[in-house]
Structure formats: structure tokens, C-alpha cells
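Working notes, beginning with the structure itself.
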Amino acid sequence: MAPENNLGNTRLEKKKILFLVTQSKYGGAQRYVLRLAEHFAARNTVIIAVGEKNNQDPLFFDEAKRLGITTIVLDHLIRDISLVKAFDAIVEMRKLLVKERPDFLHVNSSMAGALGSCAAWLYNLDPLHTAIRVIYTVHGFVFNEPLPAWRKKMYIMIEKVTAGWKGALITVSQYDKDQGLANRIAPEPRMVVIHSGIAADEVNFYSREEARQKLGVAEGQFTVGAVGSLYPTKGYDGLIDAFAEVVRTQPQTQLIIIGEGPERQHIEQSIQEHSLSDRVRLCGAVPNAARYLKAFDMLVLSSVKEGLPFVLLEAGLAELPVVATRVGGIPEIITDGVEGILIDPENLSGLSASITSLAHDAERRARLARALRKKILTSFTIESMLEKTERVYLRFYGR
């Protein structure tokens with residue numbers, strides 16, 4: 001069960017909430033939606049609608065079923081940009097709103113945020129409908145990605161236009177709120193920072209020995225891990241280049257990447273070009289990937305764009321040392337030299353030097369890992385996330 005929040009007698013009750021998320025691929029946004037759904041379902045009716053019909057993650061639906069949450073798969077909502085699909089998705093979502101008549105529509109991610117809020121706006125035009133309140137959680141603005149200038153401007157314009165159809169905007173990092181304000185997405189009173197949270201016992205980690213056995217890692221072999229979908233924003237190209245430098249001085253070190261995505265072929269080519277086939281392994285998508293974290297000696301995040309990566313919270317619970325890029329909300333979790341090591345994105349020499357340095361310093365790895373765990377357990381709790389989010393809902397409704 002979700003933890004009880006310190007809200008006294010003021011709780012959201014007897015309302016209907018429809019959560020909308022673009023895809024079911026079990027990442028930070030999906031965990032966020034499920035935890036909120038579980039929490040609110042204790043006193044309200046909750047439904048989750050999810051897109052990417054042809055690319056579903058059974059783990060997401062199994063977890064929703066375990067929690068007793070109703071899920072609906074949308075035929076036309078997809079992650080990629082398609083004007084035809086976008087139009088069809090808006091029509092489909094409006095029909096869903098007419099059928100379900102929720103009090104709240106809580107949209108997550110950029111595509112679901114834009115199309116879902118448009119569907120709610122069309123629904124609210126009907127004077128016979130009770131207005132739906134729209135809440136939008138930003139898991140990292142798309143315009144923060146390294147994109148051509150014209151595409152950045154297009155995404156900023158879309159966010160600005162659709163922000164008028166949303167009530168509150170929740171950002172999972174202060175960085176994203178600052179970016180939203182700097183680009184005039186919405187006025188400051190409508191934007192609130194709520195860091196993602198995790199429960200102390202949320203992940204049932206395998207022991208180091210069991211995790212290594214399952215991943216085929218020899219005991220005593222220094223292993224660097226990376227976990228995340230194979231998207232361009234994860235910076236795996238640069239990580240492979242940097243790791244080639246690490247191997248020159250640390251030939252027995254290996255890199256294991258857990259995740260799947262459209263960049264796989266490109267990453268495989270880079271591995272071959274650096275002759276790293278025996279040092280770098282792509283494991284593909286692994287269910288409950290967090291359970292394997294203790295197999296690693298350190299975790300590396302090479303991203304060029306992030307919101308607030310959930311894997312960092314999991315790494316904290318696993319007491320892993322981390323080398324990460326200074327992007328998005330990462331510096332809000334890690335203070336350089338205190339809870340981990342931060343480098344500038346695409347600083348390949350800094351990335352390879354940091355990995356090599358930590359590989360030689362077991363005492364420092366342990367110190368950073370302990371500090372990160374303490375930070376996660378005190379500043380990124382699930383209780384805090386749920387309480388602050390419920391207060392956002394209560395801005396629209398009383399008890």
C-alpha cells in the first residue's frame with residue numbers, strides 16, 4: 001500500500017482521476033504514475049490510459065493489475081511525431097473523456113501532455129460537461145534536448161499553447177521549472193517543483209553474488225553499469241568513446257548496458273569500431289532492471305538531457321557510487337564530490353578520467369555511495385512526493 005501522507009483530515013476524496021502517459025515502457029514516468037494511482041485509488045476512482053499500443057511493456061500492466069488499477073490502451077497515441085496520428089489520438093482521447101467524465105486528467109510526458117490537454121479543452125467547450133481539471137507533470141521538457149533551433153522553437157511554441165489548457169504544471173526538477181519560466185511556458189504560480197520519490201524498500205535487490213551470476217559477471221571483475229533506454233539523449237555514443245579510453249589503462253574493466261531502443265544498431269557499430277566487443281555488453285531490456293544494480297561496482301549516466309532520472313534514486317538505495325553528467329535535475333540529487341561525481345555533458349575525457357579514478361579508489365567509492373543513499377532516504381522520499389502532489393490537486397478541489 002502507498003504510505004499515508006501527513007495531510008491531516010484534508011484529503012482528496014470521491015473524485016475520478018484519469019492518468020495519461022505516452023508509453024508503458026517501465027521507466028521513471030511509469031513508476032511515478034503507478035505510485036500516484038495507487039495512492040489516490042484509496043479514496044478515489046482511478047484509471048490509467050497509455051499509448052504505444054504496438055509496443056507494450058507487460059511489467060507495467062502486471063504492476064497496475066497487482067494494485068487493482070484499471071488500464072486502457074489507446075490505439076493512436078504514439079511517441080513519434082505524426083500529424084495524422086496526433087489528430088486521431090485527440091479524437092480518441094476526447095471520446096474517452098466523454099465516456100469516463102473524470103474530474104481530473106493528469107497528463108505525463110510531452111506528447112501525452114500536448115494531445116491530452118487539447119482533448120480536455122475540446123471536451124470543456126461543451127457547456128453541458130463539468131470542466132475537467134488538467135494537471136501536467138513534466139518529466140523533462142523536450143526542448144532541452146540537443147535539437148536544431150527550429151525544432152526547439154516548435155516544441156516551445158507547443159508547450160506555450162497547450163499550457164493554456166492545463167491547470168498546474170508539476171516539474172520533477174527545479175531545472176525544468178527554471179527552463180519553463182525562462183521560455184515563458186506558464187506563469188510562476190502555476191508551476192511547482194515536486195521531486196520524484198522512492199520508498200526505502202521499493203526495490204527487492206538481488207545480492208551482489210546473485211546479480212552477477214544472473215548477468216554472467218565474474219566475481220572480481222570491475223564492472224561499470226549503465227541503465228536506460230537506448231535513445232540519443234542517453235549519450236551512449238559518448239560513453240562508448242570514453243570507455244575505450246578507460247580500457248586502454250584498465251583492460252579488465254567491462255561495461256554493461258541494460259536497456260533497449262532505436263540507437264542499438266548505432267551503438268553496436270561504435271562498439272565494433274573501438275574493438276570493445278569483449279569489454280562492452282548490451283543486455284537489452286531486462287525486467288525489473290533495478291534489481292541487478294548491485295552487480296555493478298559503479299553506475300554511469302552519460303545523458304545529454306534528463307528530467308530527474310529515477311535510476312539515480314535506485315542507485316542510492318543500492319549504495320552504488322555514481323558518475324553522471326551535469327544535466328537536468330541530476331545536480332539536485334548529486335553534489336559533485338559529495339554524493340557522486342559530476343561532469344559536463346559530452347566531456348569525454350572527464351568521463352573516462354572519472355571512471356578510471358573511481359576504479360582505483362575503493363574507499364572513495366564507498367564514501368560517495370553512502371552519502372548518496374543518505375541523501376535519497378532523507379530528501380527523495382515517496383511520502384514527500386505524494387503529499388506535495390495531493391496538495392496540488394487540492395488547489396482545485398477541497399476535501
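Values in this document were obtained by computation on a predicted structure and should not be read as measured data. Just so you know, these numbers use all the heavy atoms, side chains as well, and skip hydrogens, waters and symmetry mates.
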Flag the pair M191 / E188 as yes when at least one side-chain heavy-atom distance between them is below 4.5 Å, and no otherwise. no
Does E63 form a salt bridge (Lys or Arg N to Asp or Glu O under 4.0 Å) with R35? I'd like the steps, not just the answer. CA-CA 10 Å; E63 180 66 4; R35 295 292 81 80; 2.8 Å; yes
S117 side chain to Y136 side chain, donor-acceptor N/O pair below 3.5 angstrom: no
Y236 and H266: CA distance, side-chain angles, deciding distance, side-chain hydrogen bond (donor to acceptor under 3.5 Å, both in side chains) verdict: CA-CA 10 Å; Y236 287 131; H266 187 65; over 6 Å; no
Below 4.5 Å, heavy atoms only, C-beta onward: do L115 and M93 meet side chain to side chain? yes
Residues in salt bridge (Lys or Arg N to Asp or Glu O under 4.0 Å) with D201, at least two apart? none
For L83, is the CG atom crowded, meaning more than 12 foreign heavy atoms sit under 6.0 Å from it? no
Applying side-chain hydrogen bond (donor to acceptor under 3.5 Å, both in side chains), name anything that partners E306, two or more places apart in sequence or on another chain. K234, S303
Atom CG of L308 and atom CG of D176: how far apart are they, to the nearest 0.5 Å? 9.0 Å
Using a 6.0 Å cut-off, check whether atom CZ of R184 has over 12 heavy atoms from anything other than its own residue. no
If you count heavy atoms of other groups shown closer than 6.0 angstrom to CD of Q213, is the number above 12? no
Salt-bridged, D344 to R326, with N to O below 4.0 Å? yes
Taking transitive links into account, so neighbours of neighbours count too, which hydrophobic residues share a cluster with F87 at under 4.5 Å side-chain distance? V91
Among pairs that include at least one residue of residues 86-98, which meet side-chain hydrogen bond (donor to acceptor under 3.5 Å, both in side chains), considering only residues two or more places apart or in two chains? none
Output yes when E390 and R43 qualify as a salt bridge under the 4.0 Å nitrogen-oxygen rule, no when they do not. no
Considering only residues two or more places apart or on different chains, which pairs with a residue in residues 371-382 satisfy side-chain hydrogen bond (donor to acceptor under 3.5 Å, both in side chains)? none
Side chains of D336 and I341: does their closest heavy-atom pair fall under 4.5 Å? yes
Looking just at side-chain N and O atoms, do Q269 and Q265 make a donor-acceptor pair shorter than 3.5 Å? no
Any ion pair linking E100 and K16 (charged N to carboxylate O, less than 4.0 Å)? yes
Under the side chain to side chain contact (heavy atoms under 4.5 Å, CB included) test, residues paired with L313 that sit two or more places apart: S196, I198, F310, I333, I376, F380
Measure the CD1-CG distance between I132 and L18 for me, rounded to the nearest 0.5 Å. 8.0 Å
For the pair I185 and I156, evaluate side-chain contact (heavy atoms from CB on, under 4.5 Å) and give the outcome as yes or no after the intermediate values. CA-CA 7 Å; I185 302 302; I156 290 171; 4.1 Å; yes
Taking atom CD as the centre, does E346 end up with more than 12 heavy-atom neighbours from other residues, nucleotides or ligands that are less than 6.0 angstrom away? no
When you check the gap from the basic side-chain N to the acidic O, do E219 and R208 get nearer than 4.0 Å? yes
Answer yes or no: is there a side-chain heavy-atom contact under 4.5 Å between V134 and W165? no
